[in-house]
Amino acid sequence: MNIFRLAGDMTHLASVLVLLLKIHTIKSCAGVSLKTQELYALVFACRYLDIFTNFVSLYNTVMKLIFLGSSFSIVWYMRYHKVVRRSYDKDQDTFRHYFLVLPCLVLALLINEKFTFKEVMWTFSLYLEAVAILPQLVLLQRTRNIDNLTGQYVFLLGAYRGLYILNWIYRYFTEPHFVHWITWISGLVQTLLYADFFYYYYQSWKNNQKLHLPA
Amino acid sequence: TEQSEGHDEL
């Protein structure tokens, strides 16, 4: 495993921990999109179908369990926790799941490396992960009033994507036959979605101001 | 195996 991949995984882990910290200690999920969190739970459930059949390393298995456990517990908190659920901006978080889920499923059925159930589900999870952040970005744009933890959460997620791209570039040059078009293109699309957010995040950091997205 | 080659990432 190279340093970019490890750093990418660690920022991904940090993003989840920041979100859980916010929800667990402040007992608030204001500004967090439940739609995005449900999509992530679906992404991990579909991607890690091989968790008990395809052993890569202890590291991989433990990380998979953490991502599955954390994504489902975040959804549980936001839906059912008697205090946390009251802070959920339900009226602002109106993005429809199926606008994202259905096209990704159709695309995974059409474009995949192998037409088997597990492989199509794995491909579906890649396509869905690429766009799962959209409800969150829409919610940020609508509420505009972004607290630090929510801003850091989205920033860390974007950093994780950027580091994965560096990881692929590194692997392409160091490992023979490392070519994965589906992973790369969906990963690139996903990273580009953060570009706008990153721009405003950088501006607010540079000017030492509170993050504020334009209408 | 060939199939799991790309699935060693998270």
Side-chain angles (χ1 to χ4, degrees), chain A residues 1-2 4-6 8-13 16 43-44 47-51 53-57 59-68 71 112-116 118-119 121-123 125-126 129 160-161 163-165 167-168 170-172 175-184 186-187, chain B:
Chain A
M1 185 161 58
N2 63 68
F4 303 112
R5 157 85 196 275
L6 183 64
D9 285 348
M10 289 305 114
T11 43
H12 192 186
L13 187 62
V16 174
V43 163
F44 293 131
R47 185 172 306 167
Y48 300 155
L49 286 173
D50 65 350
I51 185 164
T53 54
N54 177 32
F55 182 79
V56 178
S57 64
Y59 171 84
N60 262 48
T61 306
V62 170
M63 292 294 274
K64 284 175 178 176
L65 288 171
I66 291 175
F67 287 136
L68 279 168
S71 60
N112 52 62
E113 282 181 25
K114 211 174 186 181
F115 196 71
T116 60
K118 265 208 257 178
E119 191 64 18
M121 284 295 107
W122 179 80
T123 314
S125 81
L126 285 182
E129 189 191 355
Y160 141 63
R161 294 317 311 177
L163 287 161
Y164 253 67
I165 288 182
N167 154 56
W168 295 327
Y170 181 86
R171 292 188 77 173
Y172 177 78
E175 291 176 34
H177 317 299
F178 189 78
V179 178
H180 296 287
W181 286 110
I182 291 177
T183 315
W184 294 347
S186 46
Chain B
T1 61
E2 198 190 320
Q3 202 212 328
S4 63
E5 195 184 277
H7 301 334
D8 60 355
E9 291 179 347
L10 299 160

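A note on names: the letters A, B, ... follow the listed sequences, proteins ahead of strands, and every chain is numbered from 1.
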Are any non-hydrogen side-chain atoms of A/Y164 and B/L10 less than 4.5 angstrom apart?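 They are in contact (side-chain heavy atoms under 4.5 Å apart), so the answer is yes.
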Any side-chain heavy atom of A/H180 within less than 4.5 Å of one from B/E9?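 No - every pair of side-chain heavy atoms lies 4.5 Å or more apart.
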With rounding to the nearest 0.5 angstrom, report the CG to NE2 distance, A/L49 to B/H7.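 The NE2 atom of B/H7 is 10.5 Å from CG of A/L49, to the nearest 0.5 Å.
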When rounded to the nearest 0.5 angstrom, what is the spacing between CZ in A/R5 and CG in B/D8?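 Answer rounded to 0.5 Å: 6.0 Å.
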Top contributor to chain B interface from A/M1, A/H12, A/R47 [non-hydrogen pairs under 4.5 Å]: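 Max contact count across the listed options: A/R47.
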OH (A/Y172) with more than 12 external heavy atoms under 6.0 Å: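 For A/Y172, atom OH is not crowded (no more than 12 foreign heavy atoms under 6.0 Å).
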With a 4.5 angstrom heavy-atom cut-off, which part of A/N60 approaches chain B: side chain, backbone, both or neither?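 For A/N60, the contact with chain B is made by backbone and side chain together.
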